[in-house]
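First comes the structure, then the notes that go with it.
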Number of protein chains: 2
Amino acid sequence: MHKISIKDVAKKANVSITAVSQILNNKGDRFSAETIKKVLQARDELGYVPNSAARNLKVRHSRLIGIIVPSFRMPFFADIIQSMQDNAPEDVNLVFIGSTADNLQSSIYSLVERGVQALIFGRPIPNRDVVNAFLKKRHIPYLVLDQNADINAQDMVQTNEFTGGSLAASHLLSLGHRDIALILPNDLTDNMRQRRAGFLDTLSAANVTPISVISAALSKHGGLAVVHQLIQSQATAAFILNDEMAIGVLRGLTWQNVKVPEDISIVGYDDTDYAEFVVPSLTTIAQPVAEIGQSALNMILQRLAHPNLPYQTAFFDVKLVIRESTAQLSTDQ
Amino acid sequence: MHKISIKDVAKKANVSITAVSQILNNKGDRFSAETIKKVLQARDELGYVPNSAARNLKVRHSRLIGIIVPSFRMPFFADIIQSMQDNAPEDVNLVFIGSTADNLQSSIYSLVERGVQALIFGRPIPNRDVVNAFLKKRHIPYLVLDQNADINAQDMVQTNEFTGGSLAASHLLSLGHRDIALILPNDLTDNMRQRRAGFLDTLSAANVTPISVISAALSKHGGLAVVHQLIQSQATAAFILNDEMAIGVLRGLTWQNVKVPEDISIVGYDDTDYAEFVVPSLTTIAQPVAEIGQSALNMILQRLAHPNLPYQTAFFDVKLVIRESTAQLSTDQ
DNA sequence: TGTTTTTGGTTAAACGTTTTACTTAAAAAT
DNA sequence: ATTTTTAAGTAAAACGTTTAACCAAAAACA
């Protein structure tokens with residue numbers, strides 16, 4: 001029942017607890033080699049593990065960073081958090097939490113209670129002003145991955161969403177398509193609004209407007225649900241703001257015996273792991289996910305080190321990855 | 001810079017810190033309604049958030065549970081942790097960590113340092129005896145999802161892997177297949193060994209042995225890498241121990257113009273989200289992922305409440321989900 | 001009236017660290 | 001031979017809570 005504390009190792013090594021603390025934290029330059037050895041040995045024999053609650057309490061910080069994503073089940077975010085974890089320095093701890101809009105407030109509260117020193121939002125923040133006030137009051141810097149944010153209120157890492165949408169449009173245009181559908185998730189993040197804007201702008205620069213705009217749930221099933229409308233719209237191509245939905249659409253189309261890309265071209269967004277593996281493989285806009293994750297983490301660490309520097313925003317480029325789901329408009333239509 | 005502590009709210013409300021503590025923890029039955037109101041108001045005005053490091057230090061526990069999975073990027077584990085988080089009681093905190101075999105030891109150490117009271121392993125444990133000794137010494141109960149474990153050393157939740165393999169075999173057999181390949185990940189967990197055993201046993205009961213056994217990396221790319229060998233083996237069906245690999249195989253087969261299920265039937269394992277969405281949709285063995293996650297969490301919570309009860313193991317059934325990737329052996333081969 | 005109970009609190013110790021300020025003995029410098 | 005410096009350590013306070021033990025005043029009782 002008794003948990004081994006620093007006292008126990010001090011007693012066993014016959015030194016003060018100060019000595020143990022200093023030595024175990026590599027601040028033991030004033031101690032003799034012999035004492036150091038005694039302490040290390042006592043530590044090992046007892047299997048002492050420091051209590052970080054006590055440590056955090058005393059030093060008044062935790063090196064703990066909270067990461068809030070919408071869901072662990074979305075490959076895009078799974079990639080992000082994996083890359084953060086893989087690149088986190090030894091001495092910082094990450095805590096991931098998947099949080100819907102509903103319980104975002106309580107997630108934040110719980111993280112603050114746990115002592116996070118900074119937060120990274122992988123999802124849009126409803127009630128941004130109250131969240132901002134709450135966090136600012138407690139001097140907890142945060143960073144958001146969405147574009148819907150005041151550039152002077154926090155750090156950001158962004159990708160060039162507008163270009164992404166634009167790339168999709170010009171690709172489809174260059175293949176000769178003019179009857180193009182746009183498929184959106186029901187709830188648009190600001191990132192997605194930018195994608196849409198880029199897409200729409202580029203289309204209209206070529207004097208085309210979408211033949212149809214359809215919304216559905218942001219999921220594979222959402223994509224599935226939309227194929228009937230898509231087929232009826234007579235579109236020869238579709239841009240879908242998200243790979244997961246796109247995969248749903250692909251699936252539905254195959255079941256309806258609509259051939260991709262012969263009958264309709266599809267382009268997705270994100271370049272999720274699976275984009276390469278579906279049949280037909282998915283043309284999509286790739287974001288540098290791993291870099292985004294790393295960069296977000298590094299920026300927030302920087303912020304912790306220099307709280308008063310002006311806010312930064314990192315910018316990443318996207319690129320079009322052409323696979324099998326898009327093709328030249330066939331003339332015999 | 002100054003962080004609001006319980007002292008500040010005590011001062012503001014003009015009461016002792018004991019009063020604040022008791023009232024805020026709903027143990028304030030001895031206090032007058034007026035005092036309670038004063039305290040609550042002071043708390044709200046100051047925006048006081050309790051410091052759980054201090055609390056944990058004092059009460060000597062954390063209600064913190066560590067979950068170790070191989071990777072956030074594997075849909076199977078993403079589902080598991082999501083279901084845990086969705087079902088965790090208000091007062092317990094979960095910390096997820098993706099850890100390879102290499103850094104498992106240091107992950108465990110770091111979690112113990114952070115004060116976890118229990119651990120759930122979603123991955124096999126190399127060096128089980130040292131891990132067991134380490135954890136037992138510190139009275140940290142743990143639970144493993146793999147089958148390679150001493151039933152008397154910790155709680156477990158298992159699925160009927162043997163039956164899973166067996167189901168796959170009899171399905172293929174009943175479709176008339178006799179030339180059946182088996183595709184394995186390079187590193188087999190004990191769960192997978194059981195799958196294999198069930199599969200092989202059922203095959204041999206029908207007097208058939210696999211026409212070929214192939215190993216590759218446990219990933220979509222691993223599956224892809226294997227299709228050449230698979231085609232050369234002349235198998236008319238294959239059982240693949242994992243959906244991700246199976247999806248890779250499916251992909252590769254399509255590129256090689258081998259038709260599934262006309263030319264070859266494929267059955268996977270896990271019934272990952274994507275199984276339903278690939279083309280052709282994947283026949284596979286479904287595990288009740290969400291229930292597994294919940295059950296694991298509940299069991300370990302039980303264990304915390306009753307440390308001395310005998311170890312339990314929960315058992316879940318699997319089922320065969322027939323989709324498009326398997327079909328009757330065509331006679332014209 | 002004097003005694004006991006009840007009501008509504010407060011005091012102070014403890015949890016396991018880190019860190020500042022001391023101490024003491026030996027070595028070096030004068 | 002005294003003083004100063006250095007080397008090697010220790011004592012004790014503090015971080016923010018919780019909780020056991022205590023206390024005073026008012027209410028109830030005899």
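Throughout, protein chains are lettered first and strands after them, A, B, ... in sequence-line order, and every chain is numbered starting at 1.
- Side-chain contact, A/N298 with A/Q302: no donor N or O sits under 3.5 Å from an acceptor N or O.
- We find that A/R73 and B/D273 are joined by a salt bridge, their nearest charged nitrogen and carboxylate oxygen being less than 4.0 Å apart.
- Across residues 46-62 of chain A, A/L57, A/K58, A/R60 each have a non-hydrogen atom less than 4.0 Å from an atom of DNA chain D (numbered order).
- For the atom pair NZ of A/K27 and CG of A/D29, the computed distance is 10.0 Å after rounding to the nearest 0.5 Å.
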Derivation and outcome, ring pair (Phe, Tyr, Trp, His ring centres under 6.0 Å), residues A/F121 and A/Y142: CA-CA 7 Å; A/F121 289 91; A/Y142 63 97; 5.8 Å; yes

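- Side-chain nitrogen and oxygen atoms of A/S21 include none within less than 4.0 Å of the OP1 or OP2 phosphate oxygen of C/dT17.
- The distance from atom CG of A/D86 to atom CD1 of A/I81, rounded to the nearest 0.5 Å, is 10.5 Å.
- Atom NZ of B/K7 is separated from atom P of D/dT17 by 9 Å (rounded to the nearest Å).
- Shortest non-hydrogen contact noted between B/S52 and A/R114 is OG-CA, 3.4 Å.
- Taking 4.0 angstrom as the limit, A/T35 places a side-chain polar atom (N or O) nearer than this to OP1 or OP2 of D/dG9.
- Note on A/S5: only backbone sugar-phosphate atoms sit closer than 4.0 angstrom, heavy atoms only; bases stay farther off.
- Just one of A/I6, A/L40, A/T35 meets the side-chain contact (heavy atoms from CB on, under 4.5 Å) condition when paired with A/V20; it is A/I6.
- For the pair B/I4 CD1 and D/dG16 P, the interatomic distance rounds to 11 Å; values are reported in whole Å.
- The nearest whole Å value for the distance from the CD atom in A/Q22 to the P atom in C/dT17 is 14 Å.
- Judged by atom type and distance alone, A/T18 does not reach the base of C/dT18 through any side-chain donor-acceptor pair under 3.5 Å.
- Rounding to whole angstrom units, CD1 of residue B/I6 and P of D/dT19 are separated by 11 Å.
- To the nearest 0.5 angstrom, A/K137 atom NZ is 13.5 Å from A/N132 atom CG.
- Distances shorter than 4.0 Å separate none of the side-chain N or O atoms of B/S16 from OP1 or OP2 on C/dT11.
- When distances are taken from the side chain of B/A19 to each of D/dT18, C/dT19, C/dT10, the shortest belongs to C/dT10.
- Atom pair A/K3:NZ and C/dA14:C1' shows a separation of 17 Å (rounding to whole Å applied).
- Across all strands shown, B/S32 has heavy atoms under 4.0 Å from sugar-phosphate atoms exclusively, and none from any base.
- In this structure, A/E34 places its CD atom 12 Å from C1' of D/dA8, rounding to the nearest Å.
- Distance NZ (A/K38) to P (D/dA8): 13 Å, rounded to an integer number of Å.
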Please evaluate residues B/F72 and A/F77 with respect to the criterion ring pair (Phe, Tyr, Trp, His ring centres under 6.0 Å), reporting the C-alpha separation (whole Å), side-chain torsions for both, the decisive distance (0.1 Å), and the verdict. CA-CA 9 Å; B/F72 292 113; A/F77 290 105; over 10 Å; no

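- Taken from CD in B/Q287 to CD1 in B/I80, the straight-line distance is 8.0 Å, to the nearest 0.5 Å.
- For the strand DNA chain D, secondary-structure stems (runs of at least three Watson-Crick or G-U pairs, all distances below 3.5 Å) span C:1-30 with D:1-30.
- Atom pair B/I23:CD1 and D/dT17:P shows a separation of 15 Å (rounding to whole Å applied).
- Distances from the side chain of A/V15 to the nucleotides C/dT18, C/dT10, D/dT10 place D/dT10 closest.
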